[in-house]
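Below, read A as the first sequence line, B as the second, and so on, with proteins coming before strands; counting in each chain starts at 1.
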Protein chains: 2
Amino acid sequence: MPVRNKIKQIRKEKGIKQLQMAEDLQVTRQTLTAIEKGKYNPSLELAMKIAHYFDQSVEEVFTLEEEL
Amino acid sequence: MPVRNKIKQIRKEKGIKQLQMAEDLQVTRQTLTAIEKGKYNPSLELAMKIAHYFDQSVEEVFTLEEEL
DNA sequence: CTTATATGTAAAGATATCTTTACATAATTT
DNA sequence: AAATTATGTAAAGATATCTTTACATATAAG
């Protein structure tokens, strides 16, 4: 059950730069890039910070893939 | 910003045993105990599985503490 | 009281998450 | 075209998450 995210899409819609967002969330830009690219999933804490940063719920940003 | 959870409380309300729940979620009972006790936070994937297991949202089960 | 069931805890090891440093390419601006 | 800004990537190291094995205590049932 991999987790997919819509971070890049939402970030683009809101016109936010990776660097800006990384600083606001107090993580490195590399962390954000890796997560957007699906290299790994964020911790629960970071996932909640990201969702709330977008004024959205965790489920609106991250989805648990059913198949497999 | 620590993450708090209501897993034990919700599990008790639903009358589910740790072992039963651990098997359903395909994690060890020790993992569940540690998370309920706040020794560490679950991964995002496990957090979403737990919330959905309870038919609840991540935010209903896990809360991001504001202060600090 | 003895047995069984539910929960708590711990240590060692594996893998995942995140940082730091560094470099590379793509896209935008001048 | 040159400079600046935005994004992609990688490797080493630190810490977090999770498993396995094992034992301990608490609560309930016989």
Between A:Lys39 and B:Leu19, who's closer to the 5' end of DNA chain C by nearest nucleotide?
-> B:Leu19
Same apolar cluster (I L V M F W Y, side chains within < 4.5 Å links), B:Val61/A:Met1 | yes
Grab the two heavy atoms, one from A:Glu59 and one from B:Met48, that are nearest each other, plus how far apart they are.
-> CG-CE, 4.4 Å
Carboxylate-amine/guanidinium contact A:Arg11 A:Glu36, below 4.0 Å = yes
Is there a side-chain contact between B:Thr31 and B:Ile35 (heavy atoms, below 4.5 Å)?
-> yes
Does any non-hydrogen side-chain atom of A:Leu44 lie less than 4.5 Å from one of B:Leu46?
-> no
Min and max contacting nt of DNA chain C in 5' to 3' order, chain A heavy atoms within under 4.0 angstrom, are C:dT17 to C:dA22
Assign each of B:Gln30 and A:Thr33 the nucleotide of DNA chain D bearing its closest heavy atom; nearer the 5' end lies the nucleotide of A:Thr33
So, does B:Glu60 use its side chain to make a donor-acceptor pair with the main chain of B:Ser57 at under 3.5 Å?
-> yes
Value in whole Å for how far the P atom of D:dT5 lies from CE of A:Met21 | 22 Å
Spacing between A:Arg11 atom CZ and D:dA6 atom C1', to the nearest angstrom | 9 Å
Scan A:Thr28 against the nucleic acid and name what it touches under 4.0 Å (heavy atoms): base, sugar-phosphate only, or nothing.
-> base
